[in-house]
Protein chains: 2
Amino acid sequence: MLGIAATLIGACTFGQVAAQTFQRLGGCPKLGCVFPPDRTDFLSGQFFDIRVEVHAPINGSEAAHGGVADENFTFCIQRGRGECQSATRFFSVKEPTLEKWTFSYFEDLFARDAGAPSIVNVASKAYRGLTLTTPGEYTARLKYFSGSETVANWVVREPATKRKAKNVLFFIGDGMTQSMITAARLIAHKSINGRYQTLMQMDQMDNLGHQMTHSLDSFITDSANSATALYTGKKASVSALNVYADSSKNSFDDPKIETIAEMFRRRIGGPIGMVSTAVIADATPAALCAHTRDRDRFPEIVAEYLNNAIAINSTFTWPTGCSGPDVVFGGGAENFIAGPSSPNGTDFYAAYRAKGYNVVWNNTALQAVGNDKKVLGIFSSMAKWVDRNVFPQNLRGLKDSPSGDGTDAVDQPGLKQMTIKAIDILQQRQKQKKTGWFMMSEAASIDKMMHVLDYDRALGELLELDDTIRASIEHLKKIGEYEDTLIVITADHGHGFDVFGGADTKYLAAQTTDIGKRSAVGVYQNSGLSGYTVTEGSLPNNNTVIFGSQGPNFPVQWNPRYTYAAGFGANPDHREDYAINQAGPRLPATPGDDGIFRVNPQDQPADGTIPGDQPQGVHSLTDVSVFANGPGSETFRGVYNNIDIFFKIADALALGSSGR
Amino acid sequence: MLGIAATLIGACTFGQVAAQTFQRLGGCPKLGCVFPPDRTDFLSGQFFDIRVEVHAPINGSEAAHGGVADENFTFCIQRGRGECQSATRFFSVKEPTLEKWTFSYFEDLFARDAGAPSIVNVASKAYRGLTLTTPGEYTARLKYFSGSETVANWVVREPATKRKAKNVLFFIGDGMTQSMITAARLIAHKSINGRYQTLMQMDQMDNLGHQMTHSLDSFITDSANSATALYTGKKASVSALNVYADSSKNSFDDPKIETIAEMFRRRIGGPIGMVSTAVIADATPAALCAHTRDRDRFPEIVAEYLNNAIAINSTFTWPTGCSGPDVVFGGGAENFIAGPSSPNGTDFYAAYRAKGYNVVWNNTALQAVGNDKKVLGIFSSMAKWVDRNVFPQNLRGLKDSPSGDGTDAVDQPGLKQMTIKAIDILQQRQKQKKTGWFMMSEAASIDKMMHVLDYDRALGELLELDDTIRASIEHLKKIGEYEDTLIVITADHGHGFDVFGGADTKYLAAQTTDIGKRSAVGVYQNSGLSGYTVTEGSLPNNNTVIFGSQGPNFPVQWNPRYTYAAGFGANPDHREDYAINQAGPRLPATPGDDGIFRVNPQDQPADGTIPGDQPQGVHSLTDVSVFANGPGSETFRGVYNNIDIFFKIADALALGSSGR
């Protein structure tokens with residue numbers, strides 16, 4: 001252990017740099033941590049836990065206090081300018097047990113390479129199942145190490161008092177950026193002389209907004225913490241589902257936040273639905289109902305859907321939950337078939353049946369099942385739209401039937417079939433009490449296919465989402481619910497992608513050199529026109545509108561000679577050092593004797609981009625679009641934070657309260 | 001010459017594929033071409049030319065009619081379901097002279113490599129200076145080769161009758177995508193626990209829309225034809241300024257379209273301004289007033305600003321023009337100093353002075369010049385915001401004084417200084433007749449710096465644009481014009497860019513291997529927080545808001561250790577063939593014995609992306625954002641085509657007419 005005096009000298013400068021690639025604990029600005037952290041907004045009546053931690057690093061740049069965490073910290077809450085009351089008095093709860101643990105982290109990449117972690121001792125308390133019902137400003141103060149203080153400013157927003165929307169249909173295109181929407185429109189909608197003859201359904205929504213997707217403690221987010229922001233109105237950390245990530249080992253003791261689905265269930269008592277083309281325990285659906293800092297705990301997550309958080313953490317009070325969503329449609333049979341990936345190795349289909357669910361495993365059964373009971377629909381690993389519709393042979397030989405009987409899952413529903421059926425079930429199940437319903441429907445594989453750089457499949461998923469939105473609007477009109485339904489469509493985060501030209505695949509295939517193949521890409525005027533919207537053998541710029549067998553909103557052909565050239569790589573050869581070019585703009589590439597532009601030997605030192613341990617493309621920073629129709633939808637215009645989406649939906653439903 | 005029969009067999013299939021990388025003539029669907037082409041919308045009273053061409057390819061896949069173009073074509077115009085009258089009768093104009101020429105093009109990349117062009121004979125006529133004043137549908141019919149017909153459907157839109165806006169302030173961030181706005185916000189605005197404490201001015205505008213930027217004949221656009229769309233409401237081709245590109249050699253005989261600036265001048269008689277951080281003859285400002293299919297004809301373009309199109313093409317009637325914009329602020333002294341790049345080698349500063357302009361060459365003179373007369377301000381090659389404000393030493397030694405005296409241009413205005421001064425001049429010059437004014441202000445180097453992959457400078461230019469918008473709003477409020485001014489902010493096209501993580505520049509510099517340097521990039525939770533908004537030595541996640549010397553809306557430091565990692569390249573090593581993966585998603589990268597993911601040897605055959613003759617990044621497909629405030633701004637919500645921006649602005653000004 002280093003001496004205190006010696007390390008304090010360097011603490012200021014090293015502390016700040018260490019707070020980047022790796023952080024001691026995200027959202028914790030000093031040695032005392034308060035969760036919910038500074039700048040947290042609550043819906044009045046929304047349940048949450050509090051966790052406070054006091055850190056004593058025993059080595060590294062922040063080493064202090066002999067590595068002994070202050071167990072005599074105090075924690076108080078103050079409303080407005082009132083007195084700061086001890087949390088136990090303020091919330092009328094018992095003093096929590098003091099918890100202690102130790103964790104380690106690397107201060108930066110040098111420390112990681114050296115195998116030299118910083119070790120931190122922790123003293124902590126957690127206050128469970130709390131709520132604030134009076135709108136206004138609050139201050140939470142953690143005092144420790146005689147004189148240090150960490151302050152968190154909280155706001156309980158003024159809730160809407162009048163319910164505008166009966167139903168909410170919330171669509172998420174995972175990782176869906178505007179660049180992807182533009183590309184999908186290009187390949188699926190006929191254009192004549194630069195003017196589209198039809199548009200995406202998203203394009204035609206009444207209201208357009210942008211949301212900012214940053215995390216609590218990193219500017220790039222993943223699907224777990226971005227969904228947490230959308231469903232709870234709280235910024236969280238990567239991998240965290242409706243909890244603030246604390247520094248303890250237990251992935252289920254982190255401080256929880258109540259979700260919009262839980263509040264809809266608790267306050268209105270209406271049916272809720274989760275529909276996804278992902279494994280149903282995946283982050284975006286999971287964030288409706290699960291609470292864990294580790295999104296990969298799939299068995300616990302499907303158990304939590306059914307039995308609430310209490311099932312896993314019976315020692316903690318958590319007075320709310322989804323209590324078994326009325327509709328659970330997606331993939332991931334391995335989490336239900338008795339085996340290593342199911343809860344406690346049990347047959348979890350049986351657990352759902354025991355709670356009154358119908359269970360279906362294919363599209364035929366899905367369409368045939370009644371609308372009265374809750375339904376669990378698990379449909380294999382969820383083939384992509386392109387495979388289901390263009391290359392159905394790819395569904396053969398996988399032996400992935402969700403029944404576990406070793407046959408192929410060839411009769412799979414798409415997002416549209418799942419969503420329309422879900423509407424019917426939710427509509428039926430709210431009929432008696434006329435509560436309305438809440439549903440989240442996710443096109444999950446936009447992002448998944450972007451990760452593996454399979455742009456065609458990603459755009460197929462995006463077009464299926466758009467087709468699902470169109471069909472849902474039609475269906476809602478048919479059943480008389482359209483005018484009462486708030487429809488919101490957005491993404492959870494970005495993923496670097498854009499189209500930068502066209503490619504002549506025939507020419508590319510005929511070239512034998514790398515640089516020859518690259519010249520098959522046409523940029524600017526040579527990008528050409530979309531070959532996807534006309535049948536083989538017809539002119540791309542003729543006036544005949546021809547639709548494919550999948551209807552007017554999908555490509556007529558998926559494999560034209562002239563394709564779009566896309567990705568996240570329209571640069572000449574170049575290197576990056578990611579620092580500002582102080583002497584002025586550089587020449588990234590210079591021509592060789594052959595006239596070909598190659599990396600400028602004078603340029604920055606680093607080839608390549610993402611770390612070598614990353615096998616896939618990664619998420620990006622960009623704001624993502626929000627489209628909305630229906631009662632309350634006018635509030636979705638403009639530019640705002642992802643957490644605001646929760647408050648906008650909650651206000652349309654008047655979910656906030658001044659009492660429980 | 002090949003026989004007709006032999007080539008006709010292949011014509012259908014080869015014709016369509018050839019219409020991609022290279023096209024015989026963009027917007028021409030058959031052997032007969034009509035410009036304005038099919039699906040053109042007009043503002044009533046807007047001037048335009050018509051060009052019709054009949055093509056007879058003498059070789060290649062389309063060879064026909066013995067290579068002899070039909071000179072006996074007929075061309076008629078029909079309103080609604082009425083009679084199709086000959087164009088001369090319909091417009092009451094004389095029969096134009098028949099023109100004939102020959103041009104060649106490559107049918108595809110194979111033909112280019114073989115040096116085997118297709119040669120086309122042309123018969124053509126042009127009808128000049130026309131207008132349609134009655135709203136409704138029109139059909140133009142070109143009949144040729146006894147039985148062939150090319151039809152163009154036109155619409156004259158119903159014009160707004162009531163003027164809503166007195167002034168229009170139109171900002172263009174060249175190549176500015178939402179990804180760039182998001183990144184600029186990240187580095188310039190303080191965030192605490194994922195929540196911004198301040199926002200961009202753009203974020204705070206009342207109305208948000210998206211515009212689609214596709215060209216007439218390619219899905220990727222350049223700044224010339226996208227500006228043509230924004231200012232005329234017409235889709236055009238790459239490099240074309242307010243003309244449809246015909247197939248003749250002359251770059252100034254192509255059919256023209258009247259711009260919003262010309263209409264504002266002609267119909268309202270108010271002052272107009274063009275302000276840009278580019279060379280003032282560059283495409284985005286040029287498209288306000290110039291008419292040529294070749295955006296690079298800078299001397300002719302600056303001459304056309306002053307003397308209208310008639311100065312260059314005195315044989316053609318063009319009854320409109322900017323007639324010397326009241327404000328011309330930008331760079332490009334070489335087009336004014338007597339020499340090889342000035343019009344006819346003359347001193348063109350003198351030509352502007354002779355027409356009543358004050359001429360200024362630096363910021364001091366700009367701020368001192370009176371507001372009564374027209375002003376030409378030429379300020380060197382226009383240094384970037386980062387160089388002017390952070391690295392001013394980069395302005396030294398360039399000997400680029402716009403006076404041509406060989407001194408350094410160190411006293412340069414930025415976009416903000418130019419725009420505010422322009423407002424004052426325009427405001428003064430409209431005072432007598434109270435006409436209001438029209439101004440376009442362009443942040444040109446967002447795109448230019450993206451081209452050379454200098455993201456810091458590009459974001460600096462974007463932040464300067466945002467600062468200019470903020471200052472303009474304040475200034476308009478101060479002079480009492482804010483409520484009467486329609487402010488629109490948008491881009492002309494996309495440019496592939498996104499932020500995919502953070503980079504530890506210190507660690508990167510210390511690594512000696514390529515893959516080691518790549519591991520300095522942190523993705524997801526390791527992206528960290530913005531180091532640009534805090535001073536060196538302070539924690540990025542503390543709560544102290546610290547502003548840099550440039551005010552609260554710029555980075556506090558530009559060279560932190562932990563930077564954003566951006567670009568258009570967040571992929572693992574991989575190769576592309578740009579064709580659909582029929583067998584399902586691929587593994588783009590596979591791990592070697594060292595655990596590092598490198599290109600999957602089974603994957604697609606092409607490394608790299610853009611052609612080797614491209615030294616820079618290129619434009620992209622994505623829809624771009626539109627922000628708007630003021631009278632008429634509510635029409636800018638939602639998703640629409642770039643041409644609609646012209647109609648929205650024209651309607652706010654009630655520029656359309658039922659007579660001239």
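In this text the structure is predicted, and so the values were computed from the model without any measurement.
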The ring pair (Phe, Tyr, Trp, His ring centres under 6.0 Å) partners of B:Tyr640 (sequence neighbours excluded) come to none

With rounding to the nearest 0.5 angstrom, report the [atom1] to [atom2] distance, [X] to [Y].
| X | Y | atom1 | atom2 | value |
| --- | --- | --- | --- | --- |
| A:Asn641 | B:Ser191 | CG | OG | 8.0 Å |
| A:Thr21 | B:Asp504 | OG1 | CG | 5.0 Å |
| B:Asp498 | A:Ile220 | CG | CD1 | 7.0 Å |
| A:Asn193 | B:Ser237 | CG | OG | 9.0 Å |

Could I get the full list of salt bridge (charged side-chain N to carboxylate O under 4.0 Å, His left out) partners for A:Asp203, not counting sequence neighbours? A:Arg185

Count the heavy-atom pairs under 4.5 Å between each of B:Met212, B:His210, B:Lys235 and chain A, then report the option with the highest count. B:His210

From CA spacing to verdict: side chain to side chain contact (heavy atoms under 4.5 Å, CB included), A:Val499, B:Phe219: CA-CA 9 Å; A:Val499 173; B:Phe219 51 75; 3.8 Å; yes

Any side-chain to backbone donor/acceptor pair from B:Arg195 onto A:Arg39? Under 3.5 Å, distance only. yes

For B:Phe110 and A:Gln511, work out which heavy atoms get closest and say how close.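 Closest approach of B:Phe110 to A:Gln511, heavy atoms only: CE2-NE2, 4.4 Å.
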
Greatest number of heavy atom pairs closer than 4.5 Å to chain B - which of [options]:
| options | answer |
| --- | --- |
| A:Asp41, A:Ile181, A:Asn225 | A:Asp41 |
| A:Ile643, A:Asp206, A:Val639 | A:Val639 |
| A:Asn642, A:Asn207, A:Thr40, A:Asp113 | A:Asp113 |

Passes ring-ring contact (aromatic ring centres under 6.0 Å, His included), A:Phe500 versus B:His495? Steps please. CA-CA 8 Å; A:Phe500 52 88; B:His495 197 130; over 10 Å; no

Which bit of A:Ala510 comes within less than 4.5 Å of chain B, counting heavy atoms only: side chain, backbone, both or neither? side chain

Got A:Thr177 and B:Gln178 here, is their nearest side-chain heavy-atom distance under 4.5 Å?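 Of all side-chain heavy-atom pairs linking B:Gln178 with A:Thr177, none is under 4.5 Å.
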
